[in-house]
Novice: 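Take this structure first; my questions come after.
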Number of protein chains: 2
Amino acid sequence: MFNAIAEPQRRDILMLLRAGEWPVTDLARELGMTQPGASKHLRVLREVGLVRDRKAGKQRLYGLDARGLRPVHEWTGGFERYWNESFDRLDSYVQQLKQAGREE
Amino acid sequence: MFNAIAEPQRRDILMLLRAGEWPVTDLARELGMTQPGASKHLRVLREVGLVRDRKAGKQRLYGLDARGLRPVHEWTGGFERYWNESFDRLDSYVQQLKQAGREE
DNA sequence: TTGACGCATGCCGATATAGGCATACGATGG
DNA sequence: CCATCGTATGCCTATATCGGCATGCGTCAA
């Protein structure tokens with residue numbers, strides 16, 4: 001899951017799919033990638049369950065299934081307390097350094 | 001950034017560092033990895049800014065800088081609407097399939 | 001200065017991943 | 001049945017990554 005969204009193009013795909021379902025070719029053209037490239041990324045996303053596909057005539061429509069992103073969101077949320085606190089800590093640390101610099 | 005947290009061991013390191021600063025060797029032992037392995041992962045985390053190090057005598061203490069996780073949290077948060085909605089959509093879609101199955 | 005400790009780095013082999021290309025496969029329309 | 005369209009897959013190459021191991025480098029103590 002973390003791995004699937006580590007790829008910028010795959011994140012682009014997911015963002016695009018918030019707008020609805022897309023056939024592979026259109027999606028590839030929209031995002032400026034080749035059709036095989038899009039298919040491969042969609043395969044990865046499908047394997048981790050972030051994307052669902054259904055057949056619509058000749059085409060295959062891909063749609064978003066964002067449930068898998070929830071654990072990621074929650075995991076990062078576990079650091080919410082720290083990305084302020086650590087900022088303060090570092091800030092005061094930087095000030096210490098500056099102070100030490102002046103005193104030399 | 002996304003790539004840095006795609007590695008399970010690196011996520012373990014980040015979670016451990018919420019408890020405070022750690023010297024490399026202790027951290028490696030705590031997480032059951034080799035010292036070079038820990039150093040390499042810490043290097044990756046340092047390069048993306050998720051971790052800061054400071055020298056403390058012979059040791060080098062690593063500490064958390066979680067600010068970089070905020071964009072990740074916000075990015076996944078952009079799908080919050082969808083991991084309920086898409087669930088409903090899929091659910092009703094599955095029901096349609098069941099319905100179609102019964103009617104055959 | 002020497003030795004021990006803490007850590008980083010280099011090298012290696014194995015494995016994975018991405019991009020590009022050609023091609024195979026399934027469905028549709030004539 | 002045949003041609004065509006939409007899509008998936010296979011092959012290849014380049015590149016990245018991880019793990020393990022040995023080793024280099026800096027720091028401290030005696």
Side-chain angles (χ1 to χ4, degrees), chain A residues 1-17 19-65 68 72 93 97 100 104, chain B residues 1-17 19-65 68 72 93 97 100 104:
Chain A
M1 182 60 58
F2 281 88
N3 218 320
I5 64 173
E7 244 290 327
Q9 307 217 61
R10 287 199 284 266
R11 289 200 297 276
D12 290 343
I13 291 177
L14 292 176
M15 291 190 286
L16 183 61
L17 291 185
E21 294 177 316
W22 287 73
V24 177
T25 305
D26 295 8
L27 183 147
R29 186 163 25 77
E30 180 77 14
L31 296 180
M33 32 180 142
T34 65
Q35 175 269 314
S39 272
K40 288 174 184 174
H41 285 308
L42 286 167
R43 176 188 174 90
V44 175
L45 292 172
R46 188 179 354 124
E47 285 173 351
V48 299
L50 281 174
V51 141
R52 295 273 181 179
D53 64 303
R54 64 186 182 91
K55 302 170 91 167
K58 242 191 295 200
Q59 307 189 8
R60 181 174 294 257
L61 296 182
Y62 278 88
L64 181 63
D65 181 0
V72 178
Y93 175 60
L97 290 181
E104 278 174 14
Chain B
M1 181 61 57
F2 281 87
N3 218 320
I5 63 173
E7 244 288 330
Q9 308 216 59
R10 286 198 285 266
R11 290 200 298 276
D12 291 342
I13 290 177
L14 293 176
M15 292 190 286
L16 182 61
L17 290 185
E21 296 178 314
W22 286 74
V24 178
T25 305
D26 294 9
L27 184 147
R29 185 162 26 79
E30 180 76 15
L31 296 179
M33 33 181 142
T34 65
Q35 174 269 313
S39 273
K40 288 173 184 174
H41 284 309
L42 286 168
R43 176 188 173 92
V44 174
L45 292 172
R46 189 180 353 128
E47 284 173 353
V48 300
L50 281 174
V51 141
R52 295 274 179 176
D53 65 302
R54 64 184 182 91
K55 301 171 91 169
K58 246 193 292 199
Q59 307 190 6
R60 183 174 291 258
L61 296 182
Y62 279 88
L64 180 63
D65 182 358
V72 178
Y93 175 60
L97 289 182
E104 277 174 14

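Reminder, nothing fancy here: chain letters follow the sequence lines and each chain counts from 1.
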Novice: Starting the side chain at C-beta, find the nucleotide from C:dA27, C:dC7, C:dA22 nearest to B:Pro23.
Specialist: C:dC7
Novice: What's the CG-P distance between A:Asn3 and C:dT15, to the nearest Å?
Specialist: 17 Å
Novice: Using a heavy-atom cut-off of under 4.0 Å over every strand shown, decide if A:Thr25 touches base, sugar-phosphate, or nothing.
Specialist: sugar-phosphate
Novice: Using a heavy-atom cut-off of 4.0 Å across all strands, would you classify A:Gln59 as base, sugar-phosphate, or nothing?
Specialist: sugar-phosphate
Novice: Determine the contact category for B:Thr34: base if any of its heavy atoms lies under 4.0 Å from a base atom, sugar-phosphate if only primed atoms, P, OP1 or OP2 are that close, otherwise nothing.
Specialist: sugar-phosphate
Novice: Using modelled atom types only, decide if a donor and an acceptor are shared between the side chain of B:Glu7 and the backbone of B:Gln9 within a distance under 3.5 Å.
Specialist: yes
Novice: Anything under 4.0 Å to a heavy atom of chain B counts; send over the first and last such nucleotide of DNA chain D, read 5' to 3'.
Specialist: D:dC18 to D:dC28
Novice: Find which nucleotide of DNA chain C each of B:Lys58 and A:Val44 is nearest to by heavy atoms, and output the residue with the more 5' nucleotide.
Specialist: B:Lys58
Novice: Rounded to the nearest Å, what distance is computed from the CG atom of residue A:Leu31 to the C1' atom of nucleotide C:dA18?
Specialist: 16 Å
Novice: What is the distance, to the nearest angstrom, from the NZ atom on A:Lys55 to the P atom on C:dG26?
Specialist: 9 Å
Novice: For B:Arg11 and B:Ile5, which heavy atoms make the closest approach, and how far apart are they?
Specialist: NH1-O, 2.7 Å
Novice: Can you tell me the distance, in whole Å, between the CD atom of A:Gln35 and the P atom of C:dA22?
Specialist: 14 Å
Novice: May I ask you to decide if A:Asp65's main-chain N or O and A:Arg52's side chain share a donor-acceptor pair within less than 3.5 Å?
Specialist: no
